[in-house]
Amino acid sequence: QVQLVGSGGGLVQPGGSLSLLCAAPGRIFSNYVMGWFRQAPGEEREVVVAIIMGGGRTYYADPVKGRFTISRDNAKNTAYLQMNSLKPEDTAVYYCALRASATISVIPSSMDYWGNGTLVTVSS
């Protein structure tokens, strides 16, 4: 069983920045994908970003392209999400997720492990 440990999030004004972190201590996969999904009140969970930990290939959902950046530290089994130029519509609970595969998927049910969600609120 993989326990994902996340941190970050909080309240920020529009145009501000926040960062999230997700670690997979003791992971045992030769290659895997880490990423974040988000879910706003009354909405379905949607993919935000993802990264193939072995090769570094990334995926960004259209609404966050150019504003969010995902990176990784394989030695620490950790992915990082830097969120800049935040907008009120970015407000949601952000969930870290891990897929034990070398292919990126945008479907929540394809992820194998989930971290606890963290609330990101963008408001003035």
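Under the 4.5 Å side-chain criterion, counting only non-hydrogen atoms from C-beta, Cys96 is in contact with Met34. Counting heavy atoms from C-beta outward, Phe68 and Val48 have side chains that approach closer than 4.5 Å. A heavy-atom distance below 4.5 Å is found between the side chains of Leu98 and Leu4. Looking at Ile52 and Tyr32, their side chains never come closer than 4.5 Å, going by heavy atoms from C-beta outward. No side-chain heavy atom of Tyr80 sits under 4.5 Å from any side-chain heavy atom of Ile70.
Distance alone, capped at 3.5 Å, places no donor-acceptor pair between the Asn77 side chain and the Ala23 backbone. Without hydrogens or angle criteria, Arg72 side chain to Met53 main chain gives a donor-acceptor distance under 3.5 Å. Judged by distance alone, with hydrogens and angles left aside, the side-chain atoms of Arg99 form a donor-acceptor pair with the main-chain N or O of Ser110 at under 3.5 Å. Between the side chain of Asn31 and the backbone N or O of Gly54, at least one donor-acceptor pair lies under 3.5 Å. Looking only at distances, no side-chain donor or acceptor of Arg45 sits under 3.5 Å from a matching main-chain atom of Gln39.
Remark: Thr58 OG1 to Ile104 CD1 distance equals 6.5 Å, nearest 0.5 Å. The line from CE of Met83 to CZ of Arg38 is 9.0 Å long, rounded to the nearest 0.5 Å. The OG atom of Ser7 lies 12.0 Å from the CG atom of Asn116; values are rounded to the nearest 0.5 Å.
Judged purely by distance below 3.5 Å, without hydrogens or angles, the side chains of Asn84 and Ser17 pair a donor atom with an acceptor atom. No side-chain donor from either of Ser123 and Thr121 sits under 3.5 Å from a side-chain acceptor of the other.
Put simply, Tyr94 and Val33 are part of two different groups of oily side chains (I, L, V, M, F, W, Y) that touch within less than 4.5 Å, one to the next. Ile51 and Trp36 end up in the same hydrophobic cluster when Ile, Leu, Val, Met, Phe, Trp and Tyr side chains are linked at under 4.5 Å. In this structure, Val12 is a member of the same hydrophobic cluster as Val49, with clusters built from ILVMFWY side-chain heavy atoms closer than 4.5 Å. Both Met111 and Val47 belong to a single network of hydrophobic side chains, linked directly or stepwise wherever heavy atoms of I, L, V, M, F, W or Y lie under 4.5 Å apart. In terms of hydrophobic clustering, with Ile, Leu, Val, Met, Phe, Trp and Tyr side chains grouped at heavy-atom distances under 4.5 Å, Val93 and Leu86 are assigned to different clusters.
The two residues Ala40 and Ala92 make their nearest non-hydrogen contact at N-CB, 3.8 Å. The shortest non-hydrogen separation linking Pro108 to Val106 is CD-O, 3.5 Å. Contact detail for Gly9 and Thr118: the closest heavy-atom pair is CA-OG1, 4.0 Å.
Ring geometry for Tyr95 against Trp114 counts as perpendicular: the plane angle is over 60°, on a 0 to 90° scale with 30° as the lower cut.
Counting non-hydrogen atoms of neighbouring residues, nucleotides and ligands closer than 6.0 angstrom, the CD atom of Glu89 exceeds 12 such neighbours.
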Just do the side chain to side chain contact (heavy atoms under 4.5 Å, CB included) check on Val122 and Val120 with the steps written out, would you?
CA-CA 7 Å; Val122 185; Val120 170; 4.3 Å; yes
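Using a cutoff of 4.0 Å between basic side-chain nitrogens and carboxylate oxygens, Asp90 and Lys87 are not scored as salt-bridged.
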